[in-house]
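Worksheet: the structure to be examined is printed underneath.
Side-chain atoms are counted along with the backbone in the values below, which use heavy atoms only and exclude waters and symmetry mates. Naming: A, B, ... by sequence-line order, numbering from 1 per chain.
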Number of protein chains: 2
Amino acid sequence: MRKTSIKDIALKANVSIATVSYVLNGTRNVRPETHKRVTDAIEELNYKPNDIAKSLKRNRTNTIGVIAEDVTVFNAPEIIDGINDFGDRHDLHILLVNLRLDKRVGHNFGDLEAYRNYASNAVSELLSKQVDGFIYIGVHTRDLTGLIDVEDKPIVYTYGYTQNDISIQYNDEQASYKAMSYLVRKGHSRIAIISGLMDSIPSRQRLNGYYRAVTDFELPFDPLLIKMGDWERESGYRLTAELLALPEPPTAILSMNDVMVVGVLQAADECGVSIPGELSVIGFDNREFSDYLRPRITTMGLPLHQMGYQAIETLYHLINGNKVQKLVMPECCLIERDSVGVLNSDVEQKQE
Amino acid sequence: MRKTSIKDIALKANVSIATVSYVLNGTRNVRPETHKRVTDAIEELNYKPNDIAKSLKRNRTNTIGVIAEDVTVFNAPEIIDGINDFGDRHDLHILLVNLRLDKRVGHNFGDLEAYRNYASNAVSELLSKQVDGFIYIGVHTRDLTGLIDVEDKPIVYTYGYTQNDISIQYNDEQASYKAMSYLVRKGHSRIAIISGLMDSIPSRQRLNGYYRAVTDFELPFDPLLIKMGDWERESGYRLTAELLALPEPPTAILSMNDVMVVGVLQAADECGVSIPGELSVIGFDNREFSDYLRPRITTMGLPLHQMGYQAIETLYHLINGNKVQKLVMPECCLIERDSVGVLNSDVEQKQE
DNA sequence: ATTAGCTGTTTAAACGTTTAGATTTGTAAG
DNA sequence: CTTACAAATCTAAACGTTTAAACAGCTAAT
């Protein structure tokens with residue numbers, strides 16, 4: 001048996017299908033008594049509207065394509081949750097495709113041509129499905145200009161950007177500045193930083209924040225305290241060992257992610273340096289495990305949910321042809337735990 | 001300007017729209033020279049098919065609704081990845097909705113009526129979008145009979161089930177049996193177990209595996225070694241402390257998840273018991289952090305990707321009206337790391 | 001009583017496909 | 001050159017909606 005359609009209920013209610021459509025959408029006045037006949041029929045026949053037909057006519061699906069480089073990477077789920085959140089409230093649906101980039105072309109887009117293929121396949125399938133727009137969720141923040149062509153549909157990037165499109169990023173520079181301020185407030189001044197790979201924007205931004213803090217707080221600047229990591233645990237380990245071997249080692253380390261902190265902890269342990277007693281450390285990302293390590297590590301939390309929410313909100317405006325309002329970057333927020341100690345109890349400082 | 005449709009290309013190629021459709025789908029023979037005229041026109045006008053129209057006519061969208069209780073919980077992304085994987089190969093697309101259950105009605109479905117509302121809203125929106133079927137991804141394995149009504153569409157559950165529908169689960173009983181065998185092989189016989197909440201099927205299944213191992217390997221059975229946890233770190237901590245305080249403490253602990261192992265580690269540390277020297281521990285889930293703890297913990301990995309893959313594969317058969325073949329439960333697989341020690345070096349035993 | 005202006009309702013076309021069934025074209029046999 | 005048949009192509013309806021435009025019925029103003 002065919003599913004019941006607007007036609008059936010028109011028949012039952014003894015009105016035209018147009019009228020049914022009008023009561024369904026409230027697009028035109030209909031006499032209360034007619035209205036009731038229609039809603040009764042709807043009820044009785046257990047009518048469910050067919051959005052596919054509606055989409056065809058309206059040329060609008062209320063569906064957006066979400067392209068994730070890799071949903072299994074820690075940032076993606078929270079972002080998706082944010083997207084879902086806004087979608088819920090504005091009747092937007094999510095067509096998800098997972099590029100599985102790392103598993104296919106390797107970190108750093110090893111095979112660029114292959115990447116372009118996967119991505120453009122995904123895009124063109126979504127285009128066929130007539131999505132109203134796209135959100136791209138990267139795993140690293142990099143320039144993707146020229147890699148993806150979404151025809152004339154709007155797209156919003158997050159953890160990635162292009163020179164022509166809007167992208168949502170959190171305020172990295174400010175985040176590391178915040179972390180530094182916190183350390184300074186705890187009495188530290190000889191503060192080392194372990195960066196991520198320097199081809200990433202966040203790494204550079206965060207380094208900027210570090211420099212600004214060094215300047216603002218008049219910290220002793222020592223290039224030996226600046227270490228280039230690669231986001232992986234081993235680099236945290238190795239670089240911390242180097243830092244601790246310095247004639248004048250730092251009293252605190254700012255690590256650009258929590259994973260490298262695992263290495264920091266291990267190195268400190270092996271050098272017999274206690275955390276937070278003799279060395280403080282702050283991570284980035286607020287990964288779940290940062291609460292499970294000993295000591296529980298203090299870290300900068302990323303506004304992932306908010307980024308997703310803001311991405312789709314922006315997309316929503318683009319779809320509706322609204323001017324997109326000035327974007328305010330979501331801020332990171334310090335999660336205070338046990339890996340930072342007070343250096344000189346007398347210098348718990350002023351600024352908030 | 002309207003997007004170019006089959007009509008435009010028919011015009012350009014000087015054929016009827018039917019013919020265009022035939023070359024597009026290969027559903028009927030068309031003379032090579034006509035075929036070329038059509039493909040040329042397609043090329044020239046940069047035609048992209050409209051799946052919405054196709055879906056309307058065909059009454060099939062090639063889209064499935066994936067309902068996740070919470071995508072931010074560790075199991076969901078890998079499962080989604082598996083679903084995406086199969087979808088990729090069989091031209092199935094994913095319409096994702098995140099219920100955010102924990103954030104809304106709390107663990108354990110605090111407010112059942114509210115839950116039913118959220119779920120049935122999600123379902124009916126997806127139904128309107130004419131999905132061909134559903135996959136439900138739970139966060140705990142529980143009976144959801146009567147909570148979700150997907151009309152006449154097929155649904156496959158994972159991490160959750162109902163009395164009427166198919167559900168994909170991994171083999172829990174076997175998993176804990178495997179873990180036990182491993183411990184036995186390492187010379188342990190006095191093995192404690194810390195369970196999750198006992199309202200969960202996995203907890204009970206895993207306990208069964210434990211009992212079977214105790215029997216098969218003729219281990220001394222001591223009810224004092226069986227502890228009821230609640231999946232949370234604190235219970236791991238508390239119960240381990242109790243175990244270590246026993247007159248005859250266990251030499252190994254099987255914890256039903258990795259989170260509780262964090263508590264185990266802490267308790268052992270505070271009791272001055274070294275792991276794996278004096279106490280061995282195996283976790284469950286192969287959470288990323290299990291590799292970051294010290295010692296790196298040995299754990300049973302869950303076949304999440306495979307579960308997702310198998311779920312959609314099954315759904316695919318249901319959608320196509322195929323008899324669904326005998327399901328073989330995906331198996332867990334031991335990830336060997338550093339938290340299990342050999343008890344009596346002379347008894348590294350036979351069975352593999 | 002006619003007209004004008006509402007309000008509510010219907011008619012019919014359109015969205016971009018697929019697909020029976022009809023029709024045309026081409027080919028081979030008589 | 002017919003005829004028969006197969007192959008290629010076309011016609012037209014259908015999928016379930018929305019919506020512009022036409023229309024009907026009523027009220028109020030002239």
Side-chain angles (χ1 to χ4, degrees), chain A residues 1-39 41-42 45-63 91 124-125 127-132 151, chain B residues 1-39 41-42 45-63 91 124-125 127-132 151:
Chain A
M1 238 265 299
R2 245 183 57 269
K3 279 210 74 181
T4 106
S5 82
I6 217 181
K7 233 178 257 177
D8 303 308
I9 93 110
L11 200 65
K12 176 126 206 159
N14 196 30
V15 295
S16 73
I17 58 168
T19 304
V20 178
S21 177
Y22 296 139
V23 349
L24 245 21
N25 300 298
T27 31
R28 220 114 128 172
N29 272 347
V30 3
R31 202 144 40 91
E33 102 99 10
T34 316
H35 193 282
K36 178 157 182 4
R37 274 206 331 272
V38 171
T39 48
I42 287 176
L45 300 180
N46 187 28
Y47 166 77
K48 294 269 166 54
N50 182 331
D51 276 358
I52 292 293
K54 185 180 196 155
S55 294
L56 177 59
K57 192 74 217 337
R58 285 242 185 105
N59 195 26
R60 166 111 181 220
T61 54
N62 280 3
T63 300
D91 189 34
S124 81
E125 286 183 4
L127 242 19
S128 281
K129 292 233 171 279
Q130 310 295 116
V131 295
D132 298 330
E151 313 267 326
Chain B
M1 237 263 301
R2 244 183 57 270
K3 277 211 75 180
T4 107
S5 83
I6 218 181
K7 233 177 258 176
D8 304 306
I9 91 110
L11 200 65
K12 176 128 208 160
N14 196 31
V15 294
S16 74
I17 59 168
T19 304
V20 178
S21 177
Y22 296 140
V23 348
L24 245 21
N25 299 298
T27 30
R28 220 117 129 166
N29 272 345
V30 1
R31 203 143 40 91
E33 100 99 11
T34 317
H35 192 283
K36 179 159 183 1
R37 276 210 324 276
V38 171
T39 49
I42 287 177
L45 299 181
N46 186 28
Y47 166 76
K48 294 270 167 55
N50 182 330
D51 276 359
I52 292 294
K54 185 180 197 156
S55 294
L56 177 59
K57 191 75 215 343
R58 286 243 185 105
N59 195 25
R60 166 110 181 221
T61 55
N62 280 0
T63 300
D91 189 34
S124 82
E125 286 181 5
L127 242 18
S128 282
K129 292 234 171 279
Q130 310 295 116
V131 295
D132 298 330
E151 313 267 326

| task | Select from A/K54 and A/K7 the residue whose nearest nucleotide in DNA chain D is closer to the 5' end of that strand. | result | A/K7
| For C/dT9, does OP1 or OP2 lie under 4.0 Å from any side-chain N or O of A/T19? | no
| request: Determine whether B/I42 and B/L24 make a side-chain contact, defined as any pair of heavy atoms from C-beta on separated by less than 4.5 Å. | output: yes
| query | Does the B/T63 side chain pair with the main chain of B/T61, one donor and one acceptor, at a distance under 3.5 Å? | reply | yes
| note | Distance col, row A/D91:CG vs B/S128:OG, nearest 0.5 angstrom, shows 9.5 Å
| request: Would you classify A/N25 as touching base, sugar-phosphate or nothing, given that sugar-phosphate means primed atoms plus P, OP1 and OP2, and contacts are heavy atoms under 4.0 Å? | output: sugar-phosphate
Check the interface with nucleotides 5-7 of chain C: list each N/O to N/O pair with the protein under 3.5 Å, or write none.
none

| task | Measure from CG on A/L56 to P on C/dT18 and round the result to the nearest Å. | result | 12 Å
| task | Calculate the interatomic distance between A/Y22 atom OH and C/dT10 atom P; express it in whole Å. | result | 10 Å
| Residue whose closest nucleotide on DNA chain C lies nearer the 5' end, B/A53 versus A/V30 | A/V30
| Which comes earlier along DNA chain D counting from the 5' end, the contact point of B/R58 or that of B/A18, where each point is its nearest nucleotide? | B/A18
| request: Let me know which of B/K36, B/H35, B/R31, B/R37 forms a side chain to side chain donor-acceptor pair (under 3.5 Å) with B/E33. | output: B/R37
| task | Give B/I17 one of three labels, base, sugar-phosphate or nothing, depending on what nucleic acid heavy atoms sit under 4.0 Å from its own. | result | base
| chain B footprint on DNA chain D, 5' to 3' - any atom under 4.0 Å from a heavy atom | D/dA8 to D/dG16
| Is A/S5 touching bases, backbone alone, or none of the nucleic acid, heavy atoms closer than 4.0 Å? | sugar-phosphate
| request: Would you kindly give the CD-to-P distance between B/E33 and C/dG26, to the nearest whole Å? | output: 11 Å
| Spacing of B/R58 atom CZ and B/D51 atom CG [to the nearest 0.5 Å] | 9.0 Å
| task | Assign A/T34 to base, sugar-phosphate, or nothing according to its heavy-atom contacts below 4.0 angstrom with the strands shown. | result | sugar-phosphate
| Validation row: B/N46, B/T4 side chains within 4.5 angstrom (heavy atoms) | no
| So A/I52 and A/S55, side chain to side chain contact (heavy atoms under 4.5 Å, CB included) or not? Walk me through it. | CA-CA 5 Å; A/I52 292 293; A/S55 294; 5.6 Å; no
| said: For A/N25 and A/K54: C-alpha separation, side-chain torsions, deciding distance, then whether side chain to side chain contact (heavy atoms under 4.5 Å, CB included) applies. | reply: CA-CA 11 Å; A/N25 300 298; A/K54 185 180 196 155; 3.7 Å; yes
| query | With a non-hydrogen cut-off below 4.0 angstrom, is B/N50 in contact with a base, only sugar-phosphate, or nothing? | reply | sugar-phosphate
| said: Pair A/S21, A/I6 - check side chain to side chain contact (heavy atoms under 4.5 Å, CB included), show working. | reply: CA-CA 7 Å; A/S21 177; A/I6 217 181; 4.0 Å; yes
